[in-house]
Amino acid sequence: MIHFIDTEISKVLNYFADKKILMVDSETDGAFDFNNKIILLQLGDRENQFVIDVRKVDIKGLRSLFLSDKIKIFHNAKFDVKFLWLHGLDINNVYDTLLAERLLNAGCERPKGYYALDRLAKYYADGYLDKSVRVTINRKNINQKTIQYAADDVKYLMDIRDKQIKRLVKLGMSNGDCQDITTVLGLENKSMLAFAAMEYNGIKLDKDKYQKVIDLIDENLDKVMQDLDDIICHEPVFERYCVYYQDLFTSAKKVANVNWNSPIQKLDVLQHMDSTIQSTSAAELLNFKKYDIVNKLMEYNKYSKLKNSFGENMFEFINPVTNRVHTEFWQILDTGRVSCKNPNMQQIPARTDIGGMMRECFVPEQGYKIVGGDYSGCELRIIAEFSQDPVWVNAFKDGKDLHSELCAMTFNIDIKDVKTPTPFKPDIKYRDVQKTLNFGLAYGMSHIKLANTIDISEDEAQSIIKKFFTAVPKVERFLEALGNRGKERGIIKTPPPYGRIRFFEDYKHADNKRKGAIERASKNHPIQGGNADMTKLALIYIYDYIKDKPIKLIHTVHDEIQTEVPDYMADEWAVKMSELMNQAAAQILKNVPMVVDCAVNDYWSK
DNA sequence: ATGGGCCGCCC
DNA sequence: GTACGGGCGGCCCATC
């Protein structure tokens, strides 16, 4: 039965007083942007649905209900939770049918709309939702039809949840308690609030500082384009790419008639000079640094990338109400990692000089600091823990540098010499080869790829890998076992206690390319996904700890968490934060210690 | 307009 | 002939 509530909400509170679980949804007057509001708020169970007209009713009275230990079922809760916060309401004990469905389908290719509520309603509850009504809902248009639609939206959530949990329990991703953070389901439901908080809080971008970096990029870009023009117009070999350009005010001048953003045109120019150049990628160009034009093109590529991907367009993401940048998180990728977009705050430059300058433009408010923590060598520690290789385990236990230790063994050299150049490639140091190897093996890197990456012969690469695995046989066996498991069982899990599953299609019927990909993803998933589990648990610990404190969660990048905190408590918080992150790590790493690098800064540092 | 391919930024 | 895991996104260019 549907109840339309447009006066007061005691009826709702009374109804749910002795219920353990309720389903919630909201209809808003648009996407979340700090100006929009909730129009209708629906609460219900299988028998009764209450549709509250938020234009007329003060929903603050629902505070105790939302903070009670009753389970609140949502579909895509992050969306509604942010709106509730905007209306001054907090919430906990949420079950999210979208997150649950993602857990049940990680790794599977699914058609568009697969995770939509109407699909779930049909699949799990044989219910029908008429989504065409949604577009007609607005502040001035609440009628019988929209109320019916709004009520329907919550009607099936209970059945969906019941059946999802059955499946998740069978797969070991839940024990039936959807809030238990020792299970994947609980991990996701709980950390959802942290992701909602990071979206809600956003990060401040210092516009003036950022503009200065863009100006610097522009200067470099102008210079390098001038140089490219000079080369094209003065070297006879490029004559055909040169044209005269004349405007009304200046005399004719020779310029390059090439769009340097076009890989096809770029390659054409380069091959005209040297037909052995295969592509315009940075890796390929590195081999042809003897040509001036190649050096200039590499510079051009670098600056135009920064300009096009991270230039003025970033300003469009500054919200006019909060004056901050609010990214959107997608909480469950195939491995359990998180992505974000609009903008993608996980790909803000950090590595190069100018990249570092761009990242430093993300700053705290006046009187605040940014306190960030990251898990040092997280994936390598996970490999150590679960391979139980003594070299790896002891390196971390003794606080030694794993790359150097392994390097000495792989190349039979003294540990003092790991930073000397290799004989087979003088511009690369031993330790750098080892680093490529250590990270690459977690991805199932082949000797061919290693050979290409550091530009050595395939035979040399093969023998390096062989010697490496001879030194650490348990790591080799560990990775092999993971690869085989994915192939044989069609699923692979992250380490205990989580066991987050990634599903694969049938190995036998895959083509060779796909077979290789399944094997490599099987090796990688427990490592990458284990890292993701750990970071999500840390987010939960932090979210719970900072509740009622003036500390804000603002960002996360896989093995890194950023917070914004008043000056006076920054140092103290940094200590506590690394303690919380270590606590989370200790739930997964039982034998290998974790190191959390925590820093207090006036900007987002890396 | 749309989508695939290439390329490059992040961990 | 493919073979480095997980992403997002800008640009070019062919196609509709």
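Letters A, B, ... mirror the listed sequences (proteins, then strands); counts begin at 1.
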Mind checking if [X] touches a base, just sugar-phosphate, or nothing, with heavy atoms under 4.0 Å?
{"X": "A:Gly440", "result": "base"}
{"X": "A:Ala532", "result": "nothing"}
{"X": "A:Lys449", "result": "base"}
{"X": "A:Lys606", "result": "sugar-phosphate"}
{"X": "A:Leu450", "result": "nothing"}

Side chain of [X] only, please: which of [options] is the nearest?
{"X": "A:Lys305", "options": "B:dC11, B:dG8, C:dC8", "value": "B:dG8"}
{"X": "A:Thr280", "options": "B:dC7, B:dC10, C:dA3", "value": "B:dC7"}
{"X": "A:Asn313", "options": "B:dC6, C:dG10, B:dG8", "value": "C:dG10"}
{"X": "A:Asp334", "options": "C:dC4, B:dC11, C:dG6", "value": "C:dG6"}
{"X": "A:Asn524", "options": "C:dG6, B:dC11, C:dG7", "value": "C:dG6"}
{"X": "A:Ala521", "options": "C:dC12, B:dG8, C:dG6", "value": "C:dG6"}
{"X": "A:Ser262", "options": "C:dC11, B:dC11, C:dC13", "value": "C:dC13"}
{"X": "A:Lys302", "options": "C:dC13, B:dC9, C:dC11", "value": "B:dC9"}
{"X": "A:Pro349", "options": "C:dC4, B:dC9, C:dC11", "value": "B:dC9"}
{"X": "A:Ser281", "options": "B:dC7, C:dC13, C:dC4", "value": "B:dC7"}

Classify the side chain of [X] and the base of [N] as holding, or not holding, a donor-acceptor pair under 3.5 Å.
{"X": "A:Gln347", "N": "B:dC9", "answer": "yes"}
{"X": "A:Gln528", "N": "C:dG5", "answer": "yes"}
{"X": "A:Arg337", "N": "B:dC11", "answer": "yes"}

Return the value, rounded to whole Å, for the distance between atom [atom1] of [X] and atom [atom2] of [N].
{"X": "A:Phe310", "N": "C:dC11", "atom1": "CZ", "atom2": "P", "result": "12 Å"}
{"X": "A:Glu312", "N": "C:dG10", "atom1": "CD", "atom2": "C1'", "result": "15 Å"}
{"X": "A:Asn301", "N": "C:dG10", "atom1": "CG", "atom2": "P", "result": "17 Å"}
{"X": "A:Asn259", "N": "B:dC6", "atom1": "CG", "atom2": "P", "result": "17 Å"}
{"X": "A:Leu306", "N": "B:dC9", "atom1": "CG", "atom2": "P", "result": "7 Å"}
{"X": "A:Asp353", "N": "B:dC9", "atom1": "CG", "atom2": "P", "result": "13 Å"}

message: Side chains of A:Lys266 and A:Asn301 only: does a donor on one sit below 3.5 Å from an acceptor on the other?
response: yes

message: One thing to verify: whether A:Glu460 and A:Lys425 come together as a salt bridge, which I'm taking to mean a side-chain N less than 4.0 angstrom from a carboxylate O.
response: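 Salt bridge flag = no for A:Glu460 with A:Lys425.
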
field: A:Lys508 and A:Asp506 ion-paired at < 4.0 Å
entry: yes

query: A:Ser446 side chain N/O closer than 4.0 Å to the phosphate oxygens (OP1, OP2) of C:dC4?
result: yes

task: Would you confirm whether the ring centroid of A:Phe362 sits within less than 6.0 angstrom of the ring centroid of A:His555?
output: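 When the ring centroids of A:His555 and A:Phe362 are compared, they turn out to be at least 6.0 Å apart.
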
task: May I ask you to check whether A:Tyr430 and A:His403 place their ring centres under 6.0 Å from each other?
output: no

message: Say we look at C:dC4 and B:dG8: how far apart would their C1' atoms be, to the nearest angstrom?
response: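 These two C1' atoms come out 16 Å apart once rounded.
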
